Colleague: 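Here it is: the structure, laid out below.
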Amino acid sequence: MKKSSPLPSFPTPFLLLVSLLLHGSPSLADSVNDNFVQCLTNQTKDKVSNIVFSQTNASFTSVLQAYIRNARFNTSTIPKPSIIVTPLHESHVQATVICAKQIGIQIKIRSGGHDYEGISYISDIPFIILDMFNLRNITVDIESQTAWVQAGATLGELYYKIWEKSKVHGFPAGVGPTVGVGGHLSGAGYGNMLRKFGLSVDHVIDAQIVDVNGKILDKASMGDDLFWAIKGGGGASFGVVLSYKINLVQVPETVTVFGVQRFLEDNATDVVYQWQHVAPTIDDRLFMRMLLQPVTSKVKKGEKTIRASIESLFLGEANELVTILGKEFPQLGLKIENCTQMSWIESVLWWANFDNGTSPNALLDRNQNSAKFLKRKSDYVQTVIPKDGLEGIWKKMIEVGKVGFVFNPYGGKMSEIQASDTPFPHRAGNLFKVQYSVTWEEGGVEEEKDYITQTRSLYSYMTPFVSKNPRSAYLNYRDLDIGVNHYGKDSYEEGKVYGSKYFNGNFDRLVKVKTAVDPDNFFRNEQSIPTLQTKA
Ligand SMILES: Cc1cc2nc3c(=O)[nH]c(=O)nc-3n(C[C@H](O)[C@H](O)[C@H](O)COP(=O)(O)OP(=O)(O)OC[C@H]3O[C@@H](n4cnc5c(N)ncnc54)[C@H](O)[C@@H]3O)c2cc1C
Ligand SMILES: *[C@@H]1O[C@H](CO)[C@@H](O)[C@H](O)[C@H]1NC(C)=O
Ligand SMILES: *[C@@H]1O[C@H](CO)[C@@H](O)[C@H](O)[C@H]1NC(C)=O
Ligand SMILES: *[C@@H]1O[C@H](CO)[C@@H](O)[C@H](O)[C@H]1NC(C)=O
Ligand SMILES: *[C@@H]1O[C@H](CO)[C@@H](O)[C@H](O)[C@H]1NC(C)=O
Ligand SMILES: *[C@@H]1O[C@H](CO)[C@@H](O)[C@H](O)[C@H]1NC(C)=O
Ligand SMILES: *[C@@H]1O[C@H](CO)[C@@H](O)[C@H](O)[C@H]1NC(C)=O
Ligand SMILES: *[C@@H]1O[C@H](CO)[C@@H](O)[C@H](O)[C@H]1NC(C)=O
């Protein structure tokens with residue numbers, strides 16, 4: 001509707017079908033369904049009736065909503081898929097790719113559904129959701145310190161399965177236990193061990209993917225380029241990731257966490273200023289996340305202030321931590337009584353905000369069908385923001401109203417890995433990543449507009465303080481504000497707008513891989529890697 005020619009690489013019958021569907025012909029929608037199901041039946045030996053949910057199926061809505069993780073996209077006006085396929089076996093994924101291609105319909109691949117812009121389950125053109133939640137086996141082998149993890153597993157399940165087998169192993173990945181492996185690892189993945197161990201993809205040693213021809217490839221058969229691409233370039237541009245093989249990391253039996261808060265009234269500005277020097281350079285076993293939030297002051301009635309909260313994980317004991325911080329960050333005034341020692345799995349629960357004493361079983365809770373309203377954006381800071389710069393930022397945050405920041409310190413292992421080793425380029429030279437974060441509980445159209453405008457206003461204000469040429473961003477903090485692709489004749493240029501932000505100098509290699517493995521651009525979304533088009 002909005003787009004005159006969104007899919008130049010698709011055959012004409014498909015465009016005809018799309019235009020008919022867009023003009024709302026129920027009989028055609030039915031025939032998509034019939035053709036697809038028939039094709040699927042032909043392609044697999046199994047009964048397909050239990051893996052296909054058409055719009056008329058009584059469970060369609062609950063299956064769709066189960067992995068919507070941003071309430072902004074849980075409304076009746078959001079476009080719905082023609083069909084949801086929920087594979088129980090790898091061969092069902094192969095069949096889905098072959099049949100979607102055959103009838104010429106787009107697929108959106110969903111693992112954990114945490115995409116901040118919902119692009120794993122929404123599309124402007126007719127589409128099918130390939131929902132991976134049933135494919136979630138995890139096989140941990142402590143002897144070789146490796147694991148195979150299927151794409152539909154959550155990070156919480158992965159942490160739990162490692163903990164079941166060993167109390168001194170872990171994996172460096174995100175702090176949200178319901179985040180899906182498929183999106184998280186294909187988009188890089190980081191968490192509170194990033195300064196010691198780098199990103200999740202720095203520990204990926206093999207993978208299985210279904211390519212555009214419906215073939216299952218592993219590292220050896222897909223080749224170095226494609227294997228490189230699916231370690232941070234976003235899986236959805238290249239195929240369907242079935243599983244990753246990862247190296248586990250060793251964690252101490254005892255780790256230490258602490259959380260401290262400061263307000264502007266008790267020198268938060270000094271602490272944040274100093275944090276910028278210390279957090280990216282201190283002992284790499286220490287990760288100190290800084291959260292900044294405009295709040296109502298407790299001491300100055302009716303006034304707004306900024307709360308700076310530091311949440312930390314130290315891969316070691318409290319005594320040593322207090323000694324290190326006393327030397328390097330005396331402004332913080334951290335004492336032993338501010339620290340809690342625990343096992344690594346308990347620290348996972350602590351970071352996920354579970355109450356003290358919660359059983360690790362809580363990590364298995366997929367927490368289906370519940371979500372708040374979210375908008376996120378990202379930036380990278382490469383030079384320390386001076387105190388007067390911080391003071392201006394506080395004023396702007398208070399003026400804007402609700403948007404907060406999460407500063408995630410880099411350095412350590414992150415600086416030791418080359419920018420071209422994986423598609424994720426934001427390594428040496430970055431002090432910290434900034435996440436713009438606004439979350440709200442109840443949504444009307446007006447609230448949404450207001451909060452999104454707020455994030456854009458703060459983002460614009462931050463321009464002088466963040467990376468330039470390009471202004472970088474993190475793929476897994478999906479943000480459609482930084483560019484979308486319409487796949488017309490300018491698709492390379494359109495792709496370069498967001499692609500150079502997410503991937504910097506790695507963008508062109510990703511385009512080459514994409515052009516080689518999926519020349520007709522079957523696997524695509526609003527921000528996927530474009531092909532190099534030689535023909536219009
Ligand atoms: C509450 C919350 C906490 C988060 N915490 C962190 C964090 O600590 N660290 C961090 O790095 N990020 C974090 N994120 C961001 C998260 O890493 C990304 O949203 C990630 O892409 C989610 O993966 P998913 O499988 O859940 O998402 P999905 O929405 O299912 O997928 C995201 C993208 O990956 C594609 N995709 C999914 N599965 C596959 C597959 N099997 N094959 C090919 N393509 C696939 C989708 O099509 C889509 O483009 C968080 C997000 C949320 C909402
Ligand atoms: C399914 O297979 C039958 C028999 O081989 C064939 O006639 C039919 O065209 C196939 N249908 C689809 C949708 O591929
Ligand atoms: C809905 O779809 C599921 C999965 O394919 C199937 O098992 C079920 O029988 C369908 N229900 C109806 C009423 O069609
Ligand atoms: C998952 O693991 C179980 C037990 O090992 C196995 O029976 C099953 O086939 C596996 N499922 C998939 C989809 O790999
Ligand atoms: C440490 O704990 C003490 C006692 O609870 C508290 O008064 C102090 O503010 C805490 N220090 C920090 C840095 O939070
Ligand atoms: C804030 O800084 C002032 C001046 O350096 C100092 O006197 C005061 O004790 C500090 N307050 C806190 C809570 O650290
Ligand atoms: C958690 O609970 C245990 C036992 O119930 C207690 O010893 C410990 O101090 C608690 N820790 C915190 C941080 O409250
Ligand atoms: C989506 O909306 C339905 C009501 O229509 C609600 O029951 C469900 O919890 C919501 N899910 C999410 C993820 O917001």
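All residue numbers in this chain count up from 1 along the given sequence. In listed order, ligands and their atoms are each counted from 1. These numbers come from a predicted model, not from an experiment.
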Colleague: Tell me whether Q527 contacts the main-chain N or O of I119 through its side chain, where contact means a donor paired with an acceptor under 3.5 Å.
Modeller: no

Colleague: Would one find an N or O of S370, backbone or side chain, under 3.5 Å from an N or O of ligand 8?
Modeller: no

Colleague: When only distance counts, is S120 in polar contact with ligand 1, meaning an N/O pair under 3.5 Å?
Modeller: yes

Colleague: Provide, to 0.1 Å, the distance between atom 9 (N) of ligand 1 and the closest protein heavy atom, together with that atom's residue and name.
Modeller: Y190 O, 2.8 Å

Colleague: Identify the residue among R376, R478, K375 that makes a salt bridge (charged side-chain N to carboxylate O under 4.0 Å, His left out) with E117.
Modeller: K375

Colleague: Tell me which protein heavy atom sits closest to atom 49 (O) of ligand 1, plus the residue, atom name and distance to 0.1 Å.
Modeller: R478 NH2, 3.2 Å

Colleague: For atom 10 (C) of ligand 1, what's the nearest protein heavy-atom neighbour? Residue, atom name and distance, please.
Modeller: H184 CE1, 3.2 Å

Colleague: How far is atom 21 (O) of ligand 1 from the closest protein heavy atom, and which atom is that?
Modeller: N476 OD1, 3.0 Å

Colleague: Tell me, which protein residue and heavy-atom name are nearest atom 8 (O) of ligand 1, and how many Å apart are they?
Modeller: V175 N, 3.0 Å

Colleague: Which residue and non-hydrogen atom of the protein lie closest to atom 28 (P) of ligand 1, and at what distance in Å?
Modeller: G113 N, 3.3 Å

Colleague: Got a donor-acceptor contact below 3.5 angstrom from the D518 side chain to the F238 backbone?
Modeller: no

Colleague: State whether Y474 and K377 meet the cation-pi test: NZ (Lys) or CZ (Arg) under 6.0 Å from the six-membered ring centroid, and within 45° of the perpendicular axis.
Modeller: no

Colleague: Verify the distance criterion only: is there a donor paired with an acceptor across the side chains of T44 and H92 at less than 3.5 Å?
Modeller: no

Colleague: So, the side chain of R195 versus the backbone of P280: is there a donor-acceptor pair under 3.5 Å, distance only?
Modeller: yes

Colleague: I need the nearest protein heavy-atom contact for atom 14 (N) of ligand 1: residue, atom name and distance, please.
Modeller: Y116 OH, 4.0 Å

Colleague: Spell out, as yes or no, whether a donor-acceptor pair under 3.5 Å connects the side chain of N506 to the backbone of T422.
Modeller: yes

Colleague: Think K80 forms a cation-pi with F127, using NZ or CZ under 6.0 Å from the six-ring centre and within 45 degrees of its axis?
Modeller: no

Colleague: Taking atom NZ as the centre, does K108 end up with more than 12 heavy-atom neighbours from other residues, nucleotides or ligands that are less than 6.0 angstrom away?
Modeller: yes

Colleague: Mark yes or no for whether D284, through its side chain, and G412, through its backbone, hold a donor-acceptor pair below 3.5 Å.
Modeller: no

Colleague: Distance-only, no hydrogens or angles: does the H203 side chain make a donor-acceptor pair with backbone N or O of S200 under 3.5 Å?
Modeller: no

Colleague: Is it the case that ligand 1 has an N or O less than 3.5 angstrom from some N or O of G189?
Modeller: no

Colleague: For R69 and ligand 1, answer yes if some heavy atom of the residue is under 4.0 Å from a ligand atom, otherwise no.
Modeller: no

Colleague: Could you tell me how the ring of Y121 sits relative to the ring of F73: parallel (under 30°), tilted (30 to 60°) or perpendicular (over 60°)?
Modeller: perpendicular

Colleague: Checking the N or O distance criterion of under 3.5 Å, is ligand 1 in contact with S111?
Modeller: yes

Colleague: In terms of residue, atom name and distance, what is the protein heavy atom nearest to atom 41 (N) of ligand 1?
Modeller: V241 O, 2.9 Å

Colleague: Heavy-atom contacts with A151 under 4.0 Å: which atoms of ligand 1 show up? List them by number with element.
Modeller: 41 (N)

Colleague: Looking at G214, is its backbone amide N or carbonyl O close enough to the side chain of Q94 to form a donor-acceptor pair, meaning the two atoms are under 3.5 Å apart?
Modeller: yes

Colleague: Knowing that exactly one of Y380, W275, F405 qualifies, which makes a ring-ring contact (aromatic ring centres under 6.0 Å, His included) with F432?
Modeller: W275

Colleague: If you measure every N or O of G176 against every N or O of ligand 1, does any of those distances drop under 3.5 Å?
Modeller: no

Colleague: Relative to F197, does R285 satisfy both conditions: NZ or CZ under 6.0 angstrom from the six-membered ring centre, and within 45 degrees of the ring's axis?
Modeller: no

Colleague: Would you check ligand 3 and list the protein residues that come within less than 4.0 Å of it by any heavy atom, ordered by chain and number?
Modeller: S49, N50, I51, V52, F53, N57

Colleague: As a test of the contact definition, would atom 6 (C) of ligand 1 count as having a protein heavy-atom neighbour under 4.0 Å?
Modeller: no

Colleague: Consider every N or O of I109 and every N or O of ligand 1, then say whether any pair is closer than 3.5 Å.
Modeller: yes

Colleague: Excluding sequence neighbours, so at least two apart, what forms side chain to side chain donor-acceptor pair (under 3.5 Å) with Q55?
Modeller: none

Colleague: Out of all atoms in ligand 1, which are within 4.0 Å of some heavy atom of V240? Include the element for each.
Modeller: 42 (N)

Colleague: Taking the six-membered ring for Trp, are F424 and H426 parallel (under 30°), tilted (30 to 60°) or perpendicular (over 60°)?
Modeller: perpendicular

Colleague: Provide the number and element of each atom of ligand 8 under 4.0 Å from a heavy atom of I68.
Modeller: 13 (C)

Colleague: Between D202 (side chain) and L199 (backbone), is there a donor-acceptor pair under 3.5 Å?
Modeller: yes

Colleague: Does an N or O anywhere in A236 fall below 3.5 Å from an N or O of ligand 1?
Modeller: yes

Colleague: Polar-atom distance check: R110 versus ligand 1, any N or O pair below 3.5 Å?
Modeller: no

Colleague: Angle between ring planes, Y116 versus Y477, binned at 30° and 60°: parallel, tilted or perpendicular?
Modeller: perpendicular

Colleague: Quick check on Y474 - does any of its heavy atoms sit under 4.0 Å from an atom of ligand 1?
Modeller: yes

Colleague: G174 heavy atoms, cut-off 4.0 Å: which ligand 1 atoms fall inside?
Modeller: 7 (C), 8 (O), 9 (N)

Colleague: Ignoring angles and geometry beyond distance, decide whether G112 reaches within less than 3.5 Å of ligand 1 through its nitrogen or oxygen atoms.
Modeller: yes

Colleague: Short N/O distance, under 3.5 Å, between Y477 and ligand 1?
Modeller: no

Colleague: Output yes when the distance from some N or O of ligand 1 to some N or O of H114 is under 3.5 Å, and no in every other case.
Modeller: yes

Colleague: Which one of G191, G239, G180 has a non-hydrogen atom at the shortest distance from atom 26 (O) of ligand 1?
Modeller: G180

